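Below is one structure, written out as structure tokens, with a few remarks after it.
Just so you know, these numbers come straight off a predicted model, no measurement behind them. The sequence lines fix the lettering, A, B, ..., with proteins before strands; numbering per chain opens at 1.
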Number of protein chains: 2
Amino acid sequence: MPAEDRRAWESVLAHIEADLLGGRLRPGDRLPGERALAVELGVGRSSVREAIRVLEVLGLIRTATGSGPSAGAIIVALPGGGMSALMRLQVAAQGFPVADVVKTRLVLEASVVTELAEATDRPDLAGPEELLDVMEARELTEAEFLALDAQFHLALAEASGNQVVTAMMAGLRTAIEGYARAGVPALVSWPATSARLMLEHRGILATITAADAEAARRAVQSHISGYYAETHLA
Amino acid sequence: MPAEDRRAWESVLAHIEADLLGGRLRPGDRLPGERALAVELGVGRSSVREAIRVLEVLGLIRTATGSGPSAGAIIVALPGGGMSALMRLQVAAQGFPVADVVKTRLVLEASVVTELAEATDRPDLAGPEELLDVMEARELTEAEFLALDAQFHLALAEASGNQVVTAMMAGLRTAIEGYARAGVPALVSWPATSARLMLEHRGILATITAADAEAARRAVQSHISGYYAETHLA
DNA sequence: TCACGATGTGTGGTCTGACCACACTACACG
DNA sequence: CGTGTAGTGTGGTCAGACCACACATCGTGA
């Protein structure tokens with residue numbers, strides 16, 4: 001019997017986590033209703049709801065009103081969903097220095113492109129390429145461009161297949177977009193910079209396609225740290 | 001004016017996030033009381049509580065009952081606090097394959113030791129060294145040893161000073177401990193393996209002290225992937 | 001005068017019961 | 001046989017009521 005001295009909502013969370021680990025709950029399953037869970041665990045419905053809320057924000061479940069198979073709280077376990085909220089709030093609370101975010105991004109992305117370039121079977125780069133097509137198709141506002149830019153890097157991570165790295169990149173995405181946009185005013189020429197960024201994106205994909213891991217790593221590192229340096233000269 | 005069609009607790013969360021970004025709330029500050037916040041935002045106290053709960057799990061605030069300066073909900077923004085819960089639950093829900101966790105760990109830790117070894121001023125390794133001393137002091141159970149092991153790696157990340165990486169490592173810690181413990185039965189000899197791991201730990205610190213980044217990276221990579229391979233031979 | 005204990009006050013933590021909007025189900029009616 | 005309407009169960013929300021706790025205050029006793 002686990003200690004009962006923890007807060008009620010924590011015991012609910014622990015119970016659900018145990019069910020998850022024990023295989024009694026799997027992705028796609030529906031949680032019991034809030035009222036039923038409350039009775040079963042001997043706590044109030046509000047406590048159940050606080051636990052449910054946590055699981056939802058963490059991206060583990062999806063809730064929907066109404067009835068039927070799609071209603072209720074359903075286990076989804078979509079990676080990154082919660083990480084994004086976490087990183088966003090953490091950065092908002094000044095928990096993470098931008099320099100650390102950039103550095104971490106550098107490390108993760110270097111690993112991503114290395115893995116892509118070294119993959120034995122040619123990785124599927126359709127996703128990233130489509131994004132580049134969109135970015136090059138027409139003139140975009142700075143915000144639009146940078147949003148697609150961050151999305152491109154996220155797509156690379158997805159293509160690498162590493163779900164943990166993808167989740168982390170998804171979490172960093174908001175923070176990345178934030179500092180990227182904040183740096184725009186410091187640029188000498190936005191059109192010149194965006195043009196360069198687009199070229200570099202194509203270059204990164206080219207090195208991956210060429211299976212040149214070393215070049216890919218260099219390309220992505222200069223791409224990221226180049227922009228960072230350019231926006232922090234002032 | 002933001003849309004009011006979102007769920008009540010989301011609007012509370014958004015309001016607090018906005019205060020964070022706007023500098024109206026900073027680490028160390030106390031949130032208004034739940035009742036006051038409910039009145040101020042025009043929602044019920046339970047909705048406020050759900051938002052508070054999310055912030056607490058994400059590691060952004062700490063709540064305490066009673067009165068006085070240490071009571072109430074206080075912004076703490078301690079990195080890793082929430083990431084840990086997130087990763088733990090995500091792994092529990094089979095959201096992340098172990099192989100991806102190991103791979104990510106490899107990338108992050110390689111970066112950590114590289115940075116430590118290349119630091120211009122000798123980094124402070126007192127924390128990691130103390131942990132090694134404890135591990136070597138006496139015979140430990142497997143669980144104790146592996147817990148300290150994970151803590152050692154986390155201490156290295158902390159020493160590197162990169163808060164984002166530290167947070168991510170903290171998040172991975174539970175998952176790491178989990179697969180490490182799960183692999184013990186597959187080992188030929190636990191005493192032999194633990195002895196080797198301890199030697200490798202000392203070796204990693206030595207390469208850092210020697211400022212040999214390349215050796216440090218190799219050491220940490222063989223340390224991690226070695227154990228992983230050893231426990232996945234069967 | 002000073003130490004100490006009872007009391008007051010405000011905090012988060014929890015439970016209960018009551019609505020609401022919604023979406024699907026089932027049944028009755030044309 | 002189709003169709004629409006009432007029913008049922010879901011999450012979402014609110015209001016109010018306690019509780020335990022920790023600090024602040026003030027009185028009382030030494």
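- The list of salt bridge (charged side-chain N to carboxylate O under 4.0 Å, His left out) pairs with a residue in residues 139-151 of chain B, not counting sequence neighbours, is empty.
- Remark: A:H223 pairs with A:H153, A:E200, A:H201 by the side chain to side chain donor-acceptor pair (under 3.5 Å) rule, at least two apart or across chains.
- Counting to the nearest Å, the C1' atom of C:dG12 and the CG atom of B:L55 are 15 Å from each other.
- For A:E34, the salt bridge (Lys or Arg N to Asp or Glu O under 4.0 Å) partners two or more places apart in sequence, or in a different chain, are A:R45, A:R49.
- The backbone N or O of A:P32 lies less than 3.5 Å from no partner atom in the side chain of A:R35, so there is not a single donor-acceptor pair.
- When the side-chain nitrogen and oxygen atoms of B:R49 are compared with OP1 and OP2 of C:dG13, one or more of them lie within a distance under 4.0 Å.
- At a threshold of 4.0 angstrom between heavy atoms, the contacts of A:A64 are confined to the sugar-phosphate backbone, with no base atom among them.
- Separating the CD1 atom of A:I52 from the P atom of D:dT10 is a distance of 13 Å, rounded to the nearest angstrom.
- A:E50 has its CD atom 15 Å from the C1' atom of D:dG11, to the nearest Å.
- Counting to the nearest Å, the P atom of D:dT10 and the CZ atom of A:R30 are 8 Å from each other.
- For A:E177, the salt bridge (Lys or Arg N to Asp or Glu O under 4.0 Å) criterion is met by A:R173, not counting sequence neighbours.
- The distance between atom CG of B:L37 and atom P of D:dC14, rounded to the nearest whole Å, is 12 Å.
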Under 4.0 Å protein heavy-atom contact, by nucleotide of nucleotides 15-25 of chain C - B base, S sugar-phosphate only: BB-BB--BBB-
Can you list, pair by pair, the side-chain donor-acceptor contacts under 3.5 Å of residues 60-67 of chain B, counting residues two or more places apart and other chains?
{"unit_1": "B:T63", "atom_1": "OG1", "unit_2": "A:R7", "atom_2": "NH2", "d": "3.1"}
{"unit_1": "B:T63", "atom_1": "OG1", "unit_2": "B:E56", "atom_2": "OE1", "d": "3.4"}

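- The residue A:R53 sits close only to the backbone: its heavy atoms come under 4.0 Å of sugar-phosphate atoms, none of a base.
- Put simply, CD on B:E10 is 9 Å from P on D:dG12, counting in whole angstrom units.
- Rounded to a whole Å, the CH2 atom of B:W9 is 17 Å from the C1' atom of D:dC14.
- Computed from coordinates, the B:L31 CG to C:dG10 P distance equals 19 Å when rounded to whole Å.
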